[in-house]
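Data block below; observations after.
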Amino acid sequence: MDQIVIQGGRALHGCIESSGAKNAALPLLAASILADGPVVYHRIPHLMDITTMMTLLSWQGSDITYDDQHRLHIDSRPASKPQAPYELVKTMRASSLVLGPLVARFGRARVSLPGGCAIGARPIDLHLMGLERMGAVVRMEHGDVVVEAPQGLLGAQIDFPQVTVTGTENLMMAAVLAKGTTILENAAREPEVVNLADALRQLGADIEGDGSSRVVVRGVERISGGDIHVIADRIETATYLAAGLITGGDVTVTDTDPTLLETFLEKIVEAGGNVECDEHRIRCYTSNRLRACDIQTAPHPGFPTDLQAQFMALMCIAEGNSVIAETIFENRFMHVQELCRMGADIHLDGHLATVHGVKKLSAAQVMATDLRASASLVLAGLAATGETTISRVYHIDRGYERIEEKLGKLGACIERRHENSDSGIRGVMLYA
Ligand code: EPZ
């Protein structure tokens, strides 16, 4: 397994480009299953999760060709296997995003039930509830969820008891080819949901209300191929802006969209950071130590849970005490113990973390546990004087394209090393 090694304590300066959003690209790729023609995707990020999704679509029979690292063509007309096997789903739970499109197109699907992950149980019961409301029969079989709708799906009223991003996306896609009208109440409002709706409309779907909590989908006979553009990755953007702030530097991210990050940027200003934006560019810099401020994660347009760990890293060296409430996932504080090993002063009480700002963090050997937790450790390592080694960086590679290259361009001293199995400490064999 690889490690990332950072010589911290250097202020980052400069400009980097945002990649396409992982969490937009994944449902957009799944939507290719619905298209009765080839789809060209622009700005696909080069990430592990994307590779996994493409492997799954190819396994189902779709033709996939890459123009270059960020543009690809998918023709799903040859696809004939409405399944998602365990060996693929276990590496990426977002594989469940093929469920809705598969049932819509083939009238059936067998998808390995995604397990939980470090941040929580991550069930898909609301996805399945929606498909049942649309007339499908759902059953569990040997760890797979089997969904059957031999007469096709029917439009339905679906009321989500809680907001689910991929649940909204899955059922939006399922409804595109359904007979009749589907109404999604309490739908997710994330920009990635809007990107998907825009793309589906472009291919011929009849969708309105996306971006609000009430989405209306009128079923159509078919949708065609076309060109689809992935929006900027707002989480990646904010992570690099935070890298500039935590090191006392000045970072600009281009090819991005400030309207995707309003709540985050408001919090940066509240903490005393300077923010300058134009249509496709955001600059953050600070001349003083940030002030502590509280956050509470919430569905969009609230503070993104995917930025909670990164914001906590910022608050670790802010002036004062901040309270961070994680309301979306039940176990998304895995980064806290690792940050404390770097000298942070954080106390946990259920879904609340109280951060007492310290002047400096100290470099250490730490371990990544999940995608966004690992990003917070990178930020802490950039701020801490000395050498920080982060192991299990495969977590980072799932969501950050060429992270060491982009941070290196901003002046970070960062490199990727292959973790040698021999740590130089010989285990003592204990014989029973
Ligand atoms: C999406 O996950 C994102 N992933 C996550 O990003 C993000 O953290 C999350 O939305 C919240 O914004 C992708 O888009 C691929 P949810 P998703 O369904 O859709 C519960 C990252 O770091 N729930 O909105 O799986 C669930 O347990 C990843 O990029 C049910 O109970 O999240 C959670 O507590 C991590 N039953 C809450 O709802 C369901 O059927 C929100 O989950 C579905 C969800």
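Ligands are counted one by one from 1 in listed order, and the atoms in each one are counted from 1 as well. Numbering starts at 1 and runs along the sequence shown.
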For R372, take its heavy atoms, then give the atoms of ligand 1 lying under 4.0 Å from any of them. 21 (C), 22 (O), 29 (O)
For atom 20 (C) of ligand 1, grab the closest protein heavy atom and report residue, atom and distance to one decimal in Å. Q162 NE2, 3.4 Å
Between the side chains of Q3 and T389, is a donor N or O closer than 3.5 angstrom to an acceptor N or O? no
For atom 10 (O) of ligand 1, tell me which residue out of I328, V165, D306, N170 has the closest non-hydrogen atom. V165
N or O pair under 3.5 Å between L97 and ligand 1: no
Name the closest protein heavy atom to atom 19 (O) of ligand 1, giving the residue it belongs to and the distance to 0.1 Å. T166 OG1, 2.6 Å
With atom 2 (O) of ligand 1 as the reference point, say which of R122, R93, E330 has the nearest heavy atom. R122
For the pair R71 and D68, find out whether any cationic side-chain nitrogen is under 4.0 Å from an anionic carboxylate oxygen. no
I'd like to know if the side chain of T305 pairs up with that of E326 as donor and acceptor (distance under 3.5 Å, no hydrogens or angles considered). yes
Does one side chain, of Q308 or H335, offer a donor that lies under 3.5 Å from an acceptor on the other? yes
Applying ring-ring contact (aromatic ring centres under 6.0 Å, His included), name anything that partners H229, two or more places apart in sequence or on another chain. H42
Could you tell me whether D306 and K22 have a side-chain N and a carboxylate O separated by less than 4.0 Å? no
Nearest-option assignment for atom 44 (C) of ligand 1, heavy atoms, candidates P304, P123, G167, G302: P123
Please set out all donor-acceptor pairs under 3.5 angstrom arising from side-chain atoms of residues 348-355, sequence neighbours excluded.
none

Hey, is ligand 1 close enough to R332 that some N/O pair sits below 3.5 Å? yes
Any N or O of N23 that comes nearer than 3.5 Å to an N or O of ligand 1? yes
